[in-house]
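Reviewing the structure listed below.
Reckoned from all heavy atoms, side chains included, excluding hydrogens, waters and symmetry mates.
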Amino acid sequence: MTEVCQTTIIHQEKVDVVKNKLEKKDFSDLLVLGKCFSDSSRIKISYALETYKEMCVCDLAEILDASIATTSHHLRYLKKYGMTKSRQDGKVVYYSLANEDVIFAVQTFLNLSEKITTKF
């Protein structure tokens with residue numbers, strides 16, 4: 001079975017509605033969010049922070065089996081784009097997901113990843 005139209009029929013009303021809506025949209029934030037989830041280390045960090053709410057850089061580095069420098073790089077990236085926040089307690093820096101919206105987005109993304117199947 002082919003999944004391509006056998007003939008070309010343009011449903012102009014539908015096309016015009018979507019095009020008009022797209023002209024008013026800015027997807028730059030969505031693209032940044034996609035980049036936050038495009039790296040397995042950042043996904044693991046998000047998962048860890050969703051699980052334990054707050055974790056120090058050292059613990060996250062151990063989870064990633066990565067250096068503290070590499071982990072800090074990922075955390076700075078996530079923080080730069082509003083996904084995480086940090087606080088310092090003495091010599092230890094703790095990270096958490098930035099707010100309830102980010103927590104919801106991470107939970108939704110993780111739930112979706114468990115429910116869809118990819119075939120390569």
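If you take OG1 on Thr71 and CZ on Arg76, they are separated by 10.5 Å, rounding to the nearest 0.5 Å. Remark: Ser46 OG to Leu110 CG distance equals 7.5 Å, nearest 0.5 Å. How far NZ of Lys53 is from OG1 of Thr51: 7.0 Å, rounded to the nearest 0.5 Å.
Tested against Ser28, the residues Leu30, Asp26, Val32 include a single side-chain contact (heavy atoms from CB on, under 4.5 Å) partner, Asp26.
Smallest separation of non-hydrogen atoms from Ser67 and Ala61: O-CB, 3.9 Å. Shortest non-hydrogen contact noted between Ile45 and His74 is CD1-CB, 3.7 Å. Taking each heavy atom of Ile68 and Cys58 in turn, the nearest pair found is CD1-SG, 3.9 Å. Smallest separation of non-hydrogen atoms from Tyr95 and Leu49: O-CD2, 3.2 Å. Ala48 and Ile63 make their closest contact through CB-CD1, 4.0 Å (heavy atoms, listed as atom of the first residue, atom of the second, distance). Annotation for Val102 and Asn99: closest pair N-OD1, 2.9 Å, computed over non-hydrogen atoms.
The side-chain heavy atoms of Leu97 and Glu50, taken from C-beta on, include a pair separated by under 4.5 Å. With contacts defined as side-chain heavy-atom distances shorter than 4.5 Å, the pair Glu13/Val17 does not qualify.
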Kindly determine whether Val106 and Ile43 satisfy side chain to side chain contact (heavy atoms under 4.5 Å, CB included), including the steps that lead there. CA-CA 9 Å; Val106 169; Ile43 292 171; over 6 Å; no

Acceptor/donor pairs from residues 78-86 side chains to any protein atom, 3.5 angstrom cut, sequence neighbours excluded:
unit_1, atom_1, unit_2, atom_2, d
Lys79, NZ, Ser86, OG, 2.7
Thr84, OG1, Lys79, N, 3.2

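Clustering ILVMFWY residues whenever any of their side-chain heavy atoms sit less than 4.5 angstrom apart, transitively, puts Tyr52 in the very cluster that holds Phe109. The hydrophobic clustering, which links ILVMFWY residues whose side-chain heavy atoms are closer than 4.5 Å, places Leu112 and Phe104 apart. There is no path of hydrophobic side-chain contacts, each under 4.5 Å, that joins Tyr94 to Leu75.
Counting only distance, with no hydrogens or angles, the side chain of Asp59 and the backbone of Met55 share no donor-acceptor pair below 3.5 Å. Formation of a donor-acceptor pair under 3.5 Å by the Thr70 side chain with backbone atoms of Ala66 is not found in this model.
Around NZ of Lys35, the count of heavy atoms belonging to other residues, nucleotides or ligands within 6.0 Å does not exceed 12. Heavy-atom neighbours of Gln88 CD from other residues, nucleotides or ligands within 6.0 Å: above the threshold of 12. The neighbour count for Glu54 CD, taken as heavy atoms of other residues, nucleotides or ligands under 6.0 Å away, is above 12. Counted within 6.0 Å of CG on Asp65, heavy atoms from surrounding residues, nucleotides or ligands total 12 or fewer; the atom is thus considered open.
Judged by the 6.0 Å and 45° rule, Arg42 forms no cation-pi pair with Phe37.
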